[in-house]
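What follows is a set of notes on a single structure, which appears directly below.
Both ligands and their constituent atoms are indexed starting at 1 by order of listing. Just so you know, these numbers use all the heavy atoms, side chains as well, and skip hydrogens, waters and symmetry mates.
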Amino acid sequence: MGIVTDFAAELPNWRERVSKLLQESSTVKVDEVTIGQVYGGMRGVKGLVTDISYVDPGEGIRFRGYTIPELLEILPKPDDGKMPFVGGLYYLLLIGKVPSDVQALDIENEWKNRSEVPSFVFDVLKSMPRDAHPMMLFSTAILSLQNESVFTRRYQEGMTREQYWEPMLEDSLNLTAKLPSIAAFIYSLKYKSGEYVQPREDLDWGANFAYMVGNPSDEYKDLARLYFILHSDHESGNASAHATHLAASTLSDIYYALSAGLNSLAGPLHGLANQETLRWLLGIYQEFKGVPTKEQLRQFTWERLNSGQVIPGYGHAVLRKPDPRFTAQFEYAQEHMPDDEIFQIAKLVFEVVPQVLIEQGKAKNPAPNVDAISGTLQHHYGVKEFDFYTVMFGVGRALGVSANAIWSRALGQPLERPKSLTTAMLEEIAKKAQQPA
Ligand code: HAX
């Protein structure tokens, strides 16, 4: 298998770099932590490492060193589309090098060969309450696949630590291959006929999702590819990536770990913000029976803030400028659906909300994040049931977090176990700091 050979070829160099760094510099200080950070969700604490992506507060995400416009330019593309194969992005995340057409298609073929979803997964999903949230269904479906884990079997057979990454890669390919089918089945079960639509042999991973949820147009196939690429990774400290990493650091397999990560994606301060954004945009449309004026929207925004709610899709824990994942989708909408009324509202929100948040003076970043626009595009292309949107986010996010989990195994990253203190201890530390030297 090409991807295994390519991964194995990268490994010695990385192992040598990490081992040299640890041998020569393990006592060198990286950061200091304040009481504000200990009580404040560890914002800004530099305590994790990943080489797969990096988020600069001003610039936003780079995947393996590439910005989003660069990625969309250099990754191999299908004949019928303008957006790259998602398989090529996965190759880049895993190996760190831009794939050739053959290498991108190699991943797409691996996914095709592993895409069959065992029937018990459908049975588990069908047995759930009709009003179950799609994210609960998605996380449960992934967890139900756990008994397929090659890592867990090989661990019990006594494989060596050097071998850990191989079954982790195997499991990750097996799992990610099935995600478009599982997600599309949840969509069908919740909102359509409940039938399972088989993926098509002639379609790539992203396009198959578009086909299975019922919109096989070239435009929506491209949007699906773009969506999964943009949502794949956002360095290691975001809640879904960190939860996946923490769970996997105990040597639990990717099924357990991804399910844990998705459970944290399902909160409204994280991935669920995409459904909340569309709910808020549709609420504006209903309230004003169309697109409001700027002044009406300003007042409506203040009313929401004054009632103690956040404006979904705005603000970020790391970013201090508009999110380039927002910009990429905004540009797609501008090109393909400029007259869509919900897009008109999303645009107006972009003009009005940052200023209101600045006036309120609380949010450190008044700019839009990825969730401010993603649902607007899905709504336009017929995927209107907004409580499904976080599942789509999860399909994409699985790529980044699994790539990270494989590398963590390959480089022997240990069990994660930071230290906690009591409030009395922090008070004591504060008291000592206040005493004159
Ligand atoms: N609307 C209203 N208030 C906001 C706000 C927003 N969009 N963004 C931040 N604030 C408030 C915070 O609630 C906080 O208020 P309190 O002091 O009263 O607690 C204050 O401003 C300072 O917060 P911050 O330091 O700027 O932001 P945090 O790092 O604490 O939180 C969040 C970052 C993304 C959670 C926050 O901006 C937020 O709640 N945004 C809306 C929800 C959202 O869009 N989430 C998705 C983020 C991207 C993502 O992970 N996608 O999956």
Side-chain angles (χ1 to χ4, degrees), residues 34 36-45 53 55 57-58 60-61 68 135 138 227-244 261-281 283-284 297-298 300-330 346 349-376 378 386-401:
T34 64
Q37 287 171 312
V38 173
Y39 252 107
M42 295 193 278
R43 285 301 177 285
V45 175
S53 67
V55 179
I61 184 85
I68 290 167
M135 275 305 276
F138 192 43
Y227 187 101
F228 296 134
I229 289 172
L230 295 180
H231 287 80
S232 62
D233 207 35
H234 215 226
E235 67 170 46
S236 277
N238 70 78
S240 52
H242 193 193
T244 309
L262 291 174
N263 296 344
S264 94
L265 192 69
L269 297 186
H270 191 16
L272 210 78
N274 58 11
Q275 80 166 43
E276 294 311 303
T277 297
L278 200 73
R279 192 199 303 279
W280 136 262
L281 295 177
I284 296 170
L297 183 60
R298 232 181 96 75
F300 197 70
T301 306
W302 270 114
E303 278 164 28
R304 186 177 167 105
L305 288 176
N306 290 337
S307 73
Q309 297 178 75
V310 296
I311 306 301
Y314 282 75
H316 201 273
V318 174
L319 291 171
R320 293 296 173 256
K321 290 274 164 59
D323 188 336
R325 300 171 299 171
F326 166 86
T327 310
Q329 293 180 93
F330 188 91
V349 166
F350 181 35
E351 284 172 38
V352 169
V353 162
Q355 188 51 42
V356 173
L357 287 174
I358 289 169
E359 284 167 30
Q360 192 203 28
K362 276 168 64 171
K364 292 190 190 67
N365 174 26
N369 60 57
V370 63
D371 299 315
I373 188 85
S374 58
T376 303
Q378 296 306 318
F386 50 78
D387 56 357
F388 179 69
Y389 294 167
T390 314
V391 171
M392 295 184 58
F393 192 152
V395 172
R397 182 50 53 96
L399 303 169
V401 298

- Query: What pairs with R325 under salt bridge (charged side-chain N to carboxylate O under 4.0 Å, His left out), at least two apart in sequence or on another chain?
  - Reply: D323
- Query: Which residues pass the salt bridge (charged side-chain N to carboxylate O under 4.0 Å, His left out) test with R298, sequence neighbours left out?
  - Reply: E295, E359
- Hey, what's the ring geometry for F393 with H231, parallel, tilted or perpendicular (30° and 60° as the breaks)? perpendicular
Indicate every side-chain donor-acceptor pair of residues 366-376 with a distance under 3.5 Å to a residue at least two apart or in another chain.
from	atom 1	to	atom 2	distance (Å)
N369	OD1	D371	N	2.9
N369	ND2	G313	O	3.3
N369	ND2	G315	O	2.9

- For the residue pair M392 and N274, establish whether any side-chain heavy-atom pair is separated by less than 4.5 Å. no
- Query: Can we call the ring centroids of F386 and W280 under 6.0 Å apart?
  - Reply: no
Report all N/O contacts between ligand 1 and the protein shorter than 3.5 Å as a table of atom names and distances to 0.1 Å; if there are none, say 'none'.
from	atom 1	to	atom 2	distance (Å)
ligand 1	1 (N)	I311	N	2.9
ligand 1	7 (N)	I311	O	2.9
ligand 1	7 (N)	Y314	O	2.7
ligand 1	18 (O)	K362	NZ	2.9
ligand 1	21 (O)	A363	N	3.3
ligand 1	25 (O)	K364	NZ	2.7
ligand 1	26 (O)	K364	N	2.7
ligand 1	29 (O)	R43	NE	2.9
ligand 1	29 (O)	R43	NH2	3.3
ligand 1	30 (O)	R43	NH2	3.2
ligand 1	40 (N)	Y314	O	2.8
ligand 1	44 (O)	G313	N	2.8
ligand 1	44 (O)	N369	ND2	3.0
ligand 1	45 (N)	L269	O	2.9
ligand 1	50 (O)	H270	ND1	2.9
ligand 1	51 (N)	D371	OD2	2.7
ligand 1	52 (O)	H270	O	3.3
ligand 1	52 (O)	H270	ND1	3.0
ligand 1	52 (O)	G271	N	3.4
ligand 1	52 (O)	D371	OD2	3.2

